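See below for the structure under consideration.
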Amino acid sequence: MFSGLMLNTWIAATAVAVIAGVTGFFAVLRGSTFAAHAIPNGAFAGAAGATLLGLNPFAGLAVFSVAGALGIAGLGRRARHDVATALTFVMMLGVGALFVSWSTEYAQEAYSLLFGEVYGVSQGEVLPILVLGVASVAAIIVMFRPLMLSSAMPEVAEARGVSSRRMELAFLLVMALATSMTVPVVGALLMFSLMIGPAAAARSLTARPMLAMTLSVVIALVTVWIGIAVSYQSNWPLGFFVGVMGAVFFLFGQAYAATRRRRGRTASSAGTASSAA
């Protein structure tokens with residue numbers, strides 16, 4: 001399980017989980033979960049086109065991911081953010097469907113791009129994944145303070161000279177960069193689960209930003225590591241375990257948050273009754 005190609009699997013999946021946890025935290029905080037779904041699925045079109053042309057799928061992923069981020073940011077200035085995201089998504093997905101229709105021998109490649117090929121990660125793919133992962137995390141670190149301020153308190157950020165539009169564009173580009181790295185490993189469809197499930201669960205467990213982001217990364221790592229181990233032993237698809245565990249962690253976070261609120265209301269009621277007495 002920890003030798004040969006499986007070692008590449010563990011390294012690549014770990015890098016993917018870290019960047020998914022960091023990026024997903026801000027996606028949930030900013031309410032950009034739809035964009036986190038649209039960009040990976042739109043990037044599928046770029047990988048399909050690059051494969052048809054005999055190019056590296058990473059190049060197509062990068063180009064279409066960046067194009068999708070720019071499209072969402074550009075259309076978002078003239079329409080609602082969700083409408084802009086939906087328009088960009090369906091356009092890129094349509095282009096991807098066209099590319100797939102031009103090849104009769106593309107079924108396996110399309111399946112891999114949609115659902116990932118984590119057990120087929122070669123040595124040559126590990127380095128680009130690690131480089132893009134480091135670049136994505138470094139970008140988040142550089143713009144952490146203004147990004148956090150514009151995400152949590154956009155009005156205060158604008159008053160302090162932090163442009164919400166620029167921060168939105170910068171974050172979407174980082175998400176595009178992360179997508180270019182992760183789609184070949186976990187797939188366009190499953191990346192959304194890995195990016196949003198752990199982050200949403202972490203946000204339910206704590207309101208402290210740094211702790212929530214750390215928990216998001218930890219939950220993403222646990223999800224991927226357990227998923228790989230169980231999938232290896234059972235021969236069931238990794239995507240099943242990633243999707244189910246992401247949902248389980250989220251439901252646990254929601255249950256914990258509801259219990260905490262109920263206890264808070266009970267304590268508040270008891271305190272009020274004591275004061276009245």
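Model, not experiment: these values are computed from the prediction.
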### Met213 CE to Ile140 CD1 distance, which is reported to the nearest 0.5 Å
8.0 Å
### Query
If every non-hydrogen atom of Thr223 is compared with every non-hydrogen atom of Met245, which pair is closest and at what distance?
CA-CE, 3.6 Å
### Query
Shared ILVMFWY cluster between Phe250 and Val222, side chains joined below 4.5 angstrom?
no
### Message
Rounded at 0.5 Å granularity, tell me how far CE in Met143 sits from CZ in Phe26.
### Response
7.5 Å
### Summary
When every non-hydrogen atom of Met148 is compared with those of Pro209, the smallest separation belongs to CE-CB, 3.5 Å
### Query
Looking only at atom types and distance, does a side-chain atom of Gln254 sit under 3.5 Å from a main-chain N or O of Ser204, one as donor and one as acceptor?
no
### Query
If we only count heavy atoms from C-beta on, is the Trp225 to Thr14 side-chain gap below 4.5 Å?
yes
### Minimum heavy-atom distance between Ala27 and Met175, given as atom pair plus value
CB-CE, 4.1 Å
### Task
Consider only side-chain heavy atoms of I, L, V, M, F, W and Y, link residues closer than 4.5 Å, and tell whether Leu251 and Ile196 are in one cluster.
no
### Query
Should the heavy atoms of other residues, nucleotides or ligands under 6.0 Å from CZ of Arg160 be counted, would the total exceed 12?
no
### Message
Going by side chain to side chain contact (heavy atoms under 4.5 Å, CB included), name the residues that satisfy it together with Ala15, two or more places apart in sequence or in a different chain.
### Response
Ile129, Leu130
### Task
Just grab all the salt bridge (Lys or Arg N to Asp or Glu O under 4.0 Å) pairs involving residues 240-252, residues at least two apart or on different chains.
none
### Query
Would you say the side chain of Val174 lies within less than 4.5 Å of the side chain of Leu147, judging by non-hydrogen atoms?
no
#### Entry: Ile219 versus Ala201, closest heavy-atom pair with distance
CD1-CB, 4.1 Å
### Query
Below 4.5 Å, heavy atoms only, C-beta onward: do Val217 and Val22 meet side chain to side chain?
yes
### Message
Keeping Ser216 on the side-chain end and Ala212 on the backbone end, is there a donor-acceptor pair under 3.5 Å?
### Response
no
### Query
So do the side chains of Tyr232 and Thr9 get within less than 4.5 Å of each other, counting heavy atoms only?
no
### Query
Would you find a donor on one side and an acceptor on the other, under 3.5 Å apart, between the side chain of Thr206 and the backbone of Ala202?
no
### Message
Going by side chain to side chain donor-acceptor pair (under 3.5 Å), name the residues that satisfy it together with Ser163, two or more places apart in sequence or in a different chain.
### Response
none
### Message
Quick check for you: to the nearest 0.5 Å, what is the distance between Leu127 atom CG and Asn8 atom CG?
### Response
11.5 Å
### Task
State, with a plain yes or no, whether a side-chain heavy atom of Leu70 is found less than 4.5 Å away from one of Leu172.
no
### Summary
Connected to Val142, directly or through other members, by ILVMFWY side-chain contacts below 4.5 Å are none
### Query
For Ala17 and Ala220, which heavy atoms make the closest approach, and how far apart are they?
O-CB, 3.4 Å
#### Entry: Phe252: partners by side chain to side chain contact (heavy atoms under 4.5 Å, CB included), with sequence neighbours left out
Leu205
### Query
Got Val16 and Leu194 here, is their nearest side-chain heavy-atom distance under 4.5 Å?
yes
#### Entry: Nearest non-hydrogen partners of Ala178 and Ser136, listed with the distance
N-OG, 3.7 Å
#### Entry: Same apolar cluster (I L V M F W Y, side chains within < 4.5 Å links), Val131/Val63
no
#### Entry: Single-linkage hydrophobic cluster Val66~Val134, side-chain heavy atoms < 4.5 angstrom
no
### Query
For Arg30, what residues pass the side chain to side chain donor-acceptor pair (under 3.5 Å) criterion, not counting sequence neighbours?
Ser150, Ser151, Glu168
### Query
Between atom OG1 of Thr88 and atom CZ of Phe64, what is the distance when rounded to the nearest 0.5 Å?
12.5 Å
### Query
Any side-chain heavy-atom pair from Phe171 and Thr23 closer than 4.5 angstrom?
yes
### Message
So, taking the atom named OG in Ser231 and the one named CD in Gln233, what distance separates them when rounded to the nearest 0.5 Å?
### Response
10.0 Å
### Query
Given the rule in the side-chain contact (heavy atoms from CB on, under 4.5 Å) test, do Phe241 and Ile226 qualify, once you have shown the distances and angles that lead to the verdict?
CA-CA 8 Å; Phe241 297 106; Ile226 293 179; over 6 Å; no
### Task
Can you measure from CD1 (Ile19) to CG (Leu177) and round to the nearest 0.5 angstrom?
7.5 Å
